[in-house]
Amino acid sequence: MAKKREDSLLLENRKAHFLYFLSDFMVAGLVLTGTEIKSLRAHNASLSDSYVYIKDGEAYVANMHISSYKDGTIYNVDPLRDRKLLLQKKEIRKIERELKGTSMTCVPTKCFLSHGYAKLEIALAQGKKAHDKRDSIKERDLKRRLDQAKKDGVKASGE
């Protein structure tokens, strides 16, 4: 029998890489109910427009949409409820220190399963200006053209 991969990516927040400069990546556990984890395993969730906040010394993720499980009954919960993150105290204090009085925010970048547990990769983020976004688009287009030229060059020389 083939061994299962230990980590499997469920969701990715690509929009965050375009809108923010990301730094200080951390992995946090995610507190979910039974029907939420089933829905998450079925990829029925979204990280767009979600963010992390600190309240009473605990970290929460807000606006993370996990759709109701189709076979769930009374155990389904609100799809947009705030979910608690499992972080160490020093990590929570670090996030809180960075968020206070600065133009930083904390956003989730990836959601994945690790040894059967739902994990969320979060990062401290600083918003990009319009000219920074244009630079990102130029870099992405240039990289795409270079990759295409390499691919075409390999095809031409291989014939």
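The two atoms that bring Gly116 and Arg41 nearest to each other are O-NH2, 3.3 Å, heavy atoms only. For Ala28 against Leu87, the heavy-atom pair with the smallest separation is CB-CD2, 3.5 Å. Between Asp82 and Asn63, the shortest heavy-atom distance links the atoms OD1-N, 4.4 Å. When all heavy atoms of Glu12 and Leu9 are compared, the pair lying nearest together is OE1-CD2, 4.1 Å. Of all heavy-atom pairs spanning Leu11 and Ala45, the tightest one is CD2-O, 3.3 Å.
In this structure, Tyr117 places its OH atom where only 12 or fewer heavy-atom neighbours from other residues, nucleotides or ligands lie under 6.0 Å away. Applying the 6.0 Å contact sphere to CZ of Arg140 captures more than 12 heavy atoms from other residues, nucleotides or ligands.
By the salt bridge (charged side-chain N to carboxylate O under 4.0 Å, His left out) test, Asp141 is found to be paired with Arg144, residues two or more places apart in sequence or in another chain being considered. Considering only residues two or more places apart in sequence or on other chains, Ser136 meets the side-chain contact (heavy atoms from CB on, under 4.5 Å) condition with Lys128. Checked against side chain to side chain donor-acceptor pair (under 3.5 Å), Ser23 has no partners two or more places apart in sequence or in another chain. For the salt bridge (charged side-chain N to carboxylate O under 4.0 Å, His left out) test, no residue two or more places apart in sequence or in another chain qualifies with Asp135. Under the salt bridge (charged side-chain N to carboxylate O under 4.0 Å, His left out) criterion, Glu96 pairs with no residue, sequence neighbours left out. Under the rule for a side chain to side chain donor-acceptor pair (under 3.5 Å), the partners of Lys143 that lie at least two apart in sequence or sit in another chain are Asp147. With sequence neighbours excluded, the residues that form a salt bridge (charged side-chain N to carboxylate O under 4.0 Å, His left out) with Asp49 are Lys15. In this view, Lys90 and Gln88, Arg93 satisfy the side-chain contact (heavy atoms from CB on, under 4.5 Å) rule, not counting sequence neighbours. For Ser103, the side chain to side chain donor-acceptor pair (under 3.5 Å) test picks out Gln126, with sequence neighbours left out.
We find the CG-CE distance between Leu124 and Met104 to be 4.5 Å, quoted to the nearest 0.5 Å. Summarising the geometry, atom CD1 belonging to Ile66 is positioned 10.5 Å from atom OG belonging to Ser68; distances are rounded to the nearest 0.5 Å. Between atom CG of residue Leu85 and atom CE of residue Met26 there is a gap of 11.0 Å, rounded to the nearest 0.5 Å. Put simply, NZ on Lys119 and CG on Leu30 are 9.5 Å apart, with the number rounded to the nearest 0.5 Å. Distance check: Ile122 CD1 to Ile95 CD1 gives 4.0 Å after rounding to the nearest 0.5 Å. Atom OG1 of Thr33 sits about 10.0 Å away from atom NZ of Lys38, to the nearest 0.5 Å.
Applying the ring pair (Phe, Tyr, Trp, His ring centres under 6.0 Å) test to every pair with at least one member in residues 42-72, sequence neighbours left out, gives these pairs: Tyr53-Tyr60.
Residue Leu86 is found in a hydrophobic cluster whose other members, listed by chain and number, are Val31; membership requires side-chain heavy atoms under 4.5 Å apart, directly or through intermediates.
Taking 4.5 Å as the limit, every side-chain heavy atom of Leu120 sits out of range of all side-chain heavy atoms of Val27.
Using a 4.0 Å cut-off between charged nitrogen and carboxylate oxygen, Arg81 and Glu36 count as a salt-bridge pair.
Using a distance-only test at 3.5 Å, with no hydrogens or angles considered, a donor-acceptor pair links the side chain of Thr102 to the main chain of Glu98. Using a distance-only test at 3.5 Å, with no hydrogens or angles considered, a donor-acceptor pair links the side chain of Arg83 to the main chain of Met64.
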Residues 106-113 side chain polar contacts: donor-acceptor under 3.5 Å, at least two apart:
residue: Thr109; atom: OG1; partner: Glu121; partner atom: O; Å: 3.1
residue: Thr109; atom: OG1; partner: Glu121; partner atom: OE1; Å: 2.7

